[in-house]
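Below, chains carry the letters A, B, ... as their sequence lines are ordered, and counting in each starts from 1.
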Protein chains: 2
Amino acid sequence: MKSSHALSESQRLLTYDRVVTKTRRAIDTKAAILAAARARFAREGYRSTTIRAVAQDAGIDPALVMRYFGTKPELFAAATDIDLRLPDLADVPAGEHGERLVEHFLSRWDGRTAEGEVLLILLRSATTDATAAASMRELFARQLIPSLRPLIADESELPQRVGLVASQMLGLALTRSVLEISPVAAMPAEAVAANVGATIQRYLHEPLRP
Amino acid sequence: MKSSHALSESQRLLTYDRVVTKTRRAIDTKAAILAAARARFAREGYRSTTIRAVAQDAGIDPALVMRYFGTKPELFAAATDIDLRLPDLADVPAGEHGERLVEHFLSRWDGRTAEGEVLLILLRSATTDATAAASMRELFARQLIPSLRPLIADESELPQRVGLVASQMLGLALTRSVLEISPVAAMPAEAVAANVGATIQRYLHEPLRP
DNA sequence: GTCTATAATTCGATAGAC
DNA sequence: GTCTATCGAATTATAGAC
């Protein structure tokens, strides 16, 4: 009877080599699927993105997508599960908070980074898909609020202030990077940072109205 | 040979009556379809709304929807073809423009009027459907810009100013009425009008930054 | 005017060969 | 690990009976 212990050294190396190759390819495939999925979700939203299209973009078979991620909702969850790495503005002069925050988001969206892409994915999908909307609310509560907490003087005003900030920042992403309403889409990043930054600044530090 | 001229008076009345009844029912049916379509589009967006669901809501057969509106894109166009009836603020003191504008939109969205519903429909659909996105840009150019033109001192700044206004107003609709991010959704209308109104006021009348 | 029946696609998901 | 083949469900749209 031939057991695995009876393998010759060359056989073992061959087996090992094949396993490593398969594993590395699997990692590449998984990454390729995720990248293709993010791009599709970002352009077309959850509902219009098909497993078949993602597979074609990644250059593999649709069945592989199911094998790696199980279901379409799980693929979406994997594609959007990311730390936005929001900036720490504690050391920035208080008067520059608004402008710096807008600059940060603009560089993410305009530069099409992974973090920026995820935000656009959620924005495109959250308007029709309940799961994506929940992710957006969670992102607000778990990432945006904590990151801005150190900047707000009165803790009791934190949720309202961050809510107002979100209304302007998401509206900016929507008009500039999704709907591409021309005056906003064409506006230089510096002008956006200055004008919208002044609004964020007010929402963060100016007295709230009743 | 029996021609239509040979109909008796009672027969003619009967025929006429039947035609009138059918016509009135047709008008009702068409209106019922449109109302059901608006409600579905507003809640679920373009892609997820099905002809079958609309027909069921309207209490009629799916084939009737096709008969009256041809195709699904045409149904969508008919459901969103509406005059937003934006307010004329020419007689309002310049210092109140921002707050009044926010109050106007809030009453439309919170009260679920036809105009407000159409804006929410477009907002939910425009993130994934190119046709809806085009409708949104057209609405911006054909209705929002003209309605705000009389308020802006320097005509050359009109597009940028209205673009900034749109970024905040659409962001407000998104966070409050679509995503329902809690601090914004729970905020009393008066507080929203005051805080966001101040932003709109700045975008309309304060000096633009470079 | 309204409905039944169905054609023609498209998609998510599964089973199984290699 | 990867792919072929296919099922079952859902959807838009059409043809035609009543």
- Query: What nucleotide among D/dT2, C/dT2, D/dC3 has an atom nearest to a side-chain atom of A/Ile60?
  - Reply: D/dC3
- Rounded distance (Å) that lies between atom P of C/dT2 and atom CD1 of B/Ile33: 8 Å
- Message: Check A/Arg112 with A/Glu117, please: is the shortest side-chain N to carboxylate O separation under 4.0 Å?
- Response: no
- Task: Calculate the interatomic distance between B/Glu74 atom CD and D/dT12 atom P; express it in whole Å.
- Result: 14 Å
- Using atom CZ of B/Phe69 as one end and atom P of D/dT14 as the other, report the distance to the nearest whole Å. 16 Å
- Task: Round to a whole Å and report the spacing from CG of B/Leu64 to C1' of C/dG1.
- Result: 7 Å
- Can a side chain N or O of A/Tyr68 be found less than 4.0 Å away from OP1 or OP2 on D/dT2? yes
- Task: Just do the side chain to side chain donor-acceptor pair (under 3.5 Å) check on B/Gln168 and A/Thr199 with the steps written out, would you?
- Result: CA-CA 10 Å; B/Gln168 174 63 92; A/Thr199 295; 5.7 Å; no
- Query: Roughly, in whole Å, what's the span from CG in B/Leu75 to C1' in D/dT11?
  - Reply: 15 Å
- Message: In the structure I gave you, are the side-chain heavy atoms of A/Tyr68 and A/Leu75 within less than 4.5 Å of one another anywhere?
- Response: no
- All side-chain hydrogen bond (donor to acceptor under 3.5 Å, both in side chains) counterparts of A/Asp57, not counting sequence neighbours: A/Arg40
- Item | Side chains of A/Glu74 and A/Thr71, donor plus acceptor under 3.5 Å | yes
- Item | Where protein sits on nucleotides 12-18 of chain C, one letter per nucleotide: B base, S sugar-phosphate only, - none, heavy atoms under 4.0 Å | BSB----
- Contacts of A/His97 meeting ring-ring contact (aromatic ring centres under 6.0 Å, His included) (sequence neighbours excluded), chain-then-number -> A/His205
- Take atom CG of A/Asp61 and atom P of D/dT4, then tell me their distance rounded to the nearest Å. 6 Å
